[in-house]
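In what follows, a single structure is set out as structure tokens and then discussed.
FYI, side chains are in, hydrogens and waters are out, and symmetry mates aren't considered; it's all heavy atoms of this structure.
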Amino acid sequence: MDATEPVRAFAARVGELSRHIGTGMADQTGGDDLWALHRAVVQRRAPRIWQLPSGVHYRVHGIGCCMTIAFPERTVVDVDLGPRPGVLIFDVWRVGVFARSMGHGRLPRESFVSALHGLADEGSVTLIDQQWNWYAVEL
């Protein structure tokens, strides 16, 4: 089975959710992105785990954030902060978690690698570490 559809959906959801959470928490973070949220959590100005009134849930971890939409589906998007604001990074495993949360079952890892390489070739995502299959999206 081709993994291109769930990989494209993952890349789109990363942007949607990070903007949604960033703007939803702006009053506590002083910014409108996941970097501001992460900084506010570290400085104890925002909760590490929270659910916005829209039903979007986030959990800040290490250098990243796991975001979940409860309705209409339980979509899970997990990313790490990139080297600068506006860049979020992820690996093949995280795309697989997202795909399973969307009901795509267990697709082979190689199908995600292939789909991600295709999206990198077209410029939708950026390959940042080929050995470990880490990618980035710019918001």
Side-chain angles (χ1 to χ4, degrees):
M1 177 178 209
D2 184 30
T4 302
E5 178 190 329
V7 170
R8 282 188 192 283
F10 177 87
R13 281 295 166 97
V14 166
E16 292 168 11
L17 288 174
S18 63
R19 283 187 293 277
H20 182 78
I21 291 171
T23 56
M25 295 299 291
D27 60 331
Q28 293 182 42
T29 66
D32 63 355
D33 59 23
L34 292 183
W35 288 263
L37 174 62
H38 197 274
R39 190 171 37 257
V41 166
V42 169
Q43 296 170 349
R44 299 184 191 277
R45 292 184 290 115
R48 181 171 298 280
I49 300 171
W50 193 251
Q51 182 171 319
L52 295 154
S54 63
V56 173
H57 177 271
Y58 75 81
R59 178 180 52 84
V60 172
H61 60 76
I63 60 168
C65 186
C66 182
M67 305 167 280
T68 306
I69 301 174
F71 302 104
E73 73 277 346
R74 185 167 172 76
T75 306
V76 178
V77 176
D78 192 354
V79 294
D80 283 347
L81 302 181
R84 65 184 185 285
V87 178
L88 296 173
I89 62 174
F90 57 93
D91 61 357
V92 173
W93 177 80
R94 293 167 198 239
V95 176
V97 169
F98 170 80
R100 284 189 301 281
S101 77
M102 291 290 294
H104 288 282
R106 283 200 179 270
L107 296 169
R109 182 178 189 284
E110 295 76 27
S111 65
F112 290 117
V113 171
S114 176
L116 284 161
H117 280 297
L119 292 182
D121 289 344
E122 72 180 33
S124 299
V125 299
T126 303
L127 176 63
I128 57 174
D129 185 330
Q130 187 162 351
Q131 179 182 359
W132 298 103
N133 290 303
W134 278 88
Y135 294 84
V137 290
E138 292 201 39
L139 306 177

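- The CG atom of Leu52 sits 6.0 Å away from atom CD1 of Ile21, with the distance rounded to the nearest 0.5 Å.
- By the rule that hydrophobic residues join a cluster once side-chain heavy atoms approach within less than 4.5 Å of another member, Trp50 and Leu17 end up as members of one cluster.
- When hydrophobic residues (I, L, V, M, F, W, Y) are linked wherever their side-chain heavy atoms come within less than 4.5 Å, Val42 remains an isolated member.
- Legend: residues meeting side-chain contact (heavy atoms from CB on, under 4.5 Å) with Ser114, ordered by chain and number and at least two apart, are absent.
- Every residue meeting the side-chain contact (heavy atoms from CB on, under 4.5 Å) condition with Arg48, not counting sequence neighbours, appears here in chain and number order: Val41, Val60.
- Distance check: Ser18 OG to Leu88 CG gives 5.5 Å after rounding to the nearest 0.5 Å.
- In this view, Thr4 and Asp2 satisfy the side chain to side chain donor-acceptor pair (under 3.5 Å) rule, not counting sequence neighbours.
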Would you tabulate the side-chain donor-acceptor contacts of residues 32-40 under 3.5 Å, counting partners in other chains and residues two or more places apart, or write 'none'?
unit_1	atom_1	unit_2	atom_2	d
Asp33	OD1	Trp35	N	3.2
Asp33	OD1	Ala36	N	2.8
His38	NE2	Gly62	O	2.6

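- Legend: residues meeting side chain to side chain donor-acceptor pair (under 3.5 Å) with Gln43, ordered by chain and number and at least two apart, are Arg45.
- Phe90 meets the ring pair (Phe, Tyr, Trp, His ring centres under 6.0 Å) test with Phe10; sequence neighbours excluded.
- Take Gln28 and apply the side-chain contact (heavy atoms from CB on, under 4.5 Å) test, not counting sequence neighbours, and it matches Met25, Ala46, Pro47.
- Residues in residues 84-112 take part in these salt bridge (Lys or Arg N to Asp or Glu O under 4.0 Å) pairs, two or more places apart or across chains: Asp78-Arg94, Asp80-Arg94, Arg84-Glu138, Asp91-Arg94.
- Val7 and Leu127 fall within the same hydrophobic cluster, where Ile, Leu, Val, Met, Phe, Trp and Tyr residues are linked whenever their side-chain heavy atoms come under 4.5 Å apart, directly or through other members.
- In this view, Thr23 satisfies the side chain to side chain donor-acceptor pair (under 3.5 Å) rule with no residue, not counting sequence neighbours.
- The shortest non-hydrogen separation linking Phe112 to Pro6 is CE2-CG, 4.5 Å.
- Val76 and Phe98 fall into different hydrophobic clusters, where Ile, Leu, Val, Met, Phe, Trp and Tyr are joined by side-chain heavy atoms under 4.5 Å apart, directly or via other members.
- Under the 4.5 Å side-chain criterion, counting only non-hydrogen atoms from C-beta, His20 is not in contact with Met67.
- Val87 and Leu116 end up in different hydrophobic clusters when Ile, Leu, Val, Met, Phe, Trp and Tyr side chains are linked at under 4.5 Å.
- Both Val79 and Met102 are part of a single hydrophobic cluster, where members link through side-chain heavy atoms under 4.5 Å apart.
- Here the closest heavy-atom approach between residue Val125 and residue Ala11 is recorded as CG1-CB, 4.3 Å.
- The heavy-atom pair separating Leu107 from Ser111 by the smallest distance is CB-OG, 3.7 Å.
- Looking at every heavy atom in both residues, Cys65 comes nearest to His61 through N-NE2, 3.4 Å.
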Extract all donor-acceptor atom pairs below 3.5 Å that involve side chains of residues 128-137 and protein atoms in other chains or at least two apart in sequence.
unit_1	atom_1	unit_2	atom_2	d
Asp129	OD1	Gln131	N	3.1
Asp129	OD1	Trp132	N	3.1

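- Partners of His117 by side chain to side chain donor-acceptor pair (under 3.5 Å), not counting sequence neighbours: none found.
- Taking a cutoff of 4.0 Å between a charged side-chain nitrogen and a carboxylate oxygen, Glu16 and Arg13 qualify as a salt bridge.
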